[in-house]
There are 2 protein chains.
Amino acid sequence: MTTVAQTQLSPAEEAWDILRQLLGAERRRFLAAAAELDLHPAQAGALMKMEPGTAMPMHELAMMLSCDNSNVTGIVDRLEARGLVTRRPYAQDRRVKHVVLTPAGTDVRTRVRGHMAKVPEAIGRLSLTDQRLLRDVLRRAVESG
Amino acid sequence: MTTVAQTQLSPAEEAWDILRQLLGAERRRFLAAAAELDLHPAQAGALMKMEPGTAMPMHELAMMLSCDNSNVTGIVDRLEARGLVTRRPYAQDRRVKHVVLTPAGTDVRTRVRGHMAKVPEAIGRLSLTDQRLLRDVLRRAVESG
DNA sequence: GTCGATAGTTGACTACATCAAGGTTTGAGG
DNA sequence: CCTCAAACCTTGATGTAGTCAACTATCGAC
């Protein structure tokens with residue numbers, strides 16, 4: 001019921017309108033996935049941004065979550081308290097601390113990403129031709145920088 | 001940099017992967033738009049869900065925001081304190097309270113939606129043919145329920 | 001008319017956003 | 001060198017949001 005065409009929409013506008021509906025559904029899935037793993041949304045978001053063998057500076061995490069540095073401090077505190085990540089000093093620049101996934105954290109991260117990677121029904125029920133069409137258009141959208 | 005293909009992705013999976021990148025960027029835009037209007041994300045979300053001349057029961061708002069009823073109480077409290085919405089009793093069912101946009105609220109809502117309706121660059125720079133293609137595929141995705 | 005279910009509120013608790021301030025470290029310029 | 005602005009992280013204060021349990025009022029059905 002979010003789709004209301006009071007004025008005529010351009011193709012791009014209408015496409016974007018539909019995409020935003022997907023976004024709403026996606027948000028729910030994300031919240032549900034996080035809750036199922038006993039994570040708060042921000043914590044789940046942080047885990048998702050991390051790569052298993054790769055150390056990430058706190059401030060970079062802040063950028064990716066588009067939030068304040070001081071915010072990341074708290075989030076990482078809690079993740080660390082649960083043994084999902086570790087802080088590690090960074091010799092090259094001692095202002096920086098790196099965050100690393102522990103094995104337990106890697107496991108949880110995999111599960112969060114598993115939930116989110118599942119293709120939404122709306123897309124899954126498209127014909128294979130349409131799925132390929134969609135993929136190709138989207139590829140062009142992001143690559144033609 | 002979110003696109004990593006460690007295993008071969010199906011067309012749907014790859015499409016979904018790209019879409020999630022778009023949605024991430026969208027989240028930032030949403031936060032920025034809300035901040036610009038001095039709204040917290042949940043408040044902006046609530047305003048977006050409301051239609052100008054249409055009263056909405058609190059619990060329906062809770063459903064749309066996928067949050068608790070008690071949560072909506074607080075959000076509406078604050079919106080009401082700023083004169084953006086009003087609570088109104090509902091005679092047919094006196095357990096229910098309706099929320100209605102005030103003129104000021106309607107104005108703010110329009111501005112929030114204006115921000116969000118702006119087509120992202122990635123889609124905007126597609127050829128018109130591709131935009132139509134995208135729109136058509138997405139139409140099929142949501143309508144073939 | 002009783003009783004289970006629903007709508008909204010309240011209160012307690014945690015987490016998170018934002019901002020200002022402070023400590024440490026770095027890098028660049030004098 | 002040495003200073004100094006800037007970057008990184010942390011802490012504390014404040015307001016807001018999410019979750020859960022309890023409570024009131026109302027509805028609907030039996």
Side-chain angles (χ1 to χ4, degrees), chain A residues 27-49 55-82 84-100 108 112, chain B residues 27-49 55-82 84-100 108 112:
Chain A
R27 187 175 154 277
R28 293 189 194 193
R29 264 197 7 199
F30 175 63
L31 295 178
E36 188 179 329
L37 297 168
D38 260 302
L39 293 170
H40 289 252
Q43 294 169 7
L47 286 183
M48 290 230 306
K49 298 296 184 187
M56 164 123 58
M58 309 267 296
H59 66 274
E60 198 178 323
L61 201 44
M63 265 201 342
M64 302 189 90
L65 300 174
S66 30
C67 74
D68 198 271
N69 276 353
S70 71
N71 219 321
V72 173
T73 298
I75 294 171
V76 169
D77 277 352
R78 278 154 223 134
L79 290 176
E80 197 169 25
R82 289 181 52 174
L84 302 180
V85 304
T86 338
R87 268 181 251 241
R88 172 193 294 172
Y90 179 55
Q92 274 82 358
D93 183 343
R94 294 204 309 249
R95 294 171 296 185
V96 173
K97 282 177 193 162
H98 278 174
V99 188
V100 196
V108 174
V112 180
Chain B
R27 185 176 156 275
R28 292 189 193 195
R29 264 198 6 202
F30 175 64
L31 295 177
E36 190 180 329
L37 297 167
D38 260 301
L39 292 171
H40 288 252
Q43 295 170 8
L47 286 183
M48 290 229 307
K49 298 296 184 189
M56 164 123 56
M58 310 265 299
H59 65 275
E60 197 178 323
L61 201 44
M63 267 202 340
M64 302 188 88
L65 300 173
S66 29
C67 73
D68 198 89
N69 276 352
S70 71
N71 218 318
V72 173
T73 298
I75 294 171
V76 170
D77 277 352
R78 287 174 269 273
L79 290 176
E80 198 170 23
R82 288 181 53 173
L84 302 180
V85 304
T86 342
R87 267 181 252 243
R88 174 193 293 172
Y90 179 55
Q92 274 83 356
D93 183 342
R94 295 204 308 251
R95 294 171 295 184
V96 173
K97 283 177 194 163
H98 277 173
V99 188
V100 196
V108 174
V112 180

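Chain naming here is simple, since letters A, B, ... match the order of the sequence lines and numbering starts at 1 in each.
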With heavy-atom distances below 4.5 Å as the criterion, would you say the side chains of [X] and [Y] are in contact?
{"X": "B:Asn69", "Y": "B:Leu61", "result": "no"}
{"X": "A:Val99", "Y": "A:Thr86", "result": "no"}
{"X": "A:Leu39", "Y": "A:Leu84", "result": "yes"}
{"X": "A:Val85", "Y": "A:Val100", "result": "no"}
{"X": "B:Pro89", "Y": "B:Arg94", "result": "no"}

Could you grab the distance from atom [atom1] of [X] to atom [atom2] of [Y], nearest 0.5 Å is fine?
{"X": "B:Met63", "Y": "B:Met58", "atom1": "CE", "atom2": "CE", "answer": "14.0 Å"}
{"X": "A:Arg78", "Y": "A:Arg82", "atom1": "CZ", "atom2": "CZ", "answer": "11.5 Å"}
{"X": "A:Tyr90", "Y": "A:Arg95", "atom1": "OH", "atom2": "CZ", "answer": "11.0 Å"}
{"X": "B:Arg29", "Y": "A:Ser66", "atom1": "CZ", "atom2": "OG", "answer": "13.5 Å"}
{"X": "B:His40", "Y": "B:Leu31", "atom1": "NE2", "atom2": "CG", "answer": "12.0 Å"}

By side-chain contact (heavy atoms from CB on, under 4.5 Å), A:Glu60 pairs with (sequence neighbours left out) A:Met56, A:Pro57
Contacted region of DNA chain C by chain A, from 5' end to 3' end of the hits, cut-off under 4.0 Å to heavy atoms, spans C:dA15 to C:dT26
Regarding the side chain of B:Arg95, the nearest nucleotide among D:dC9, D:dT16, D:dC27 is D:dC27
Contact check, residues 60-75 of chain A vs DNA chain D, heavy-atom distance under 4.0 Å, returns A:Asn69, A:Ser70, A:Thr73
Within residues 31-44 of chain A, those residues having any heavy atom closer than 4.0 Å to DNA chain C are A:His40, A:Ala42, A:Gln43
Under a 4.0 Å heavy-atom cutoff, the residues of residues 85-94 of chain A touching DNA chain C are A:Asp93, A:Arg94
The side-chain hydrogen bond (donor to acceptor under 3.5 Å, both in side chains) partners of A:Arg88 (sequence neighbours excluded) come to none
inquiry  = Closer than 3.5 angstrom, by distance alone: can the side chain of A:Glu80 be matched with the main-chain N or O of A:Arg87 as a donor-acceptor pair?
reply    = yes
Whole-Å distance, B:His98 NE2 to D:dT26 C1', equals 14 Å
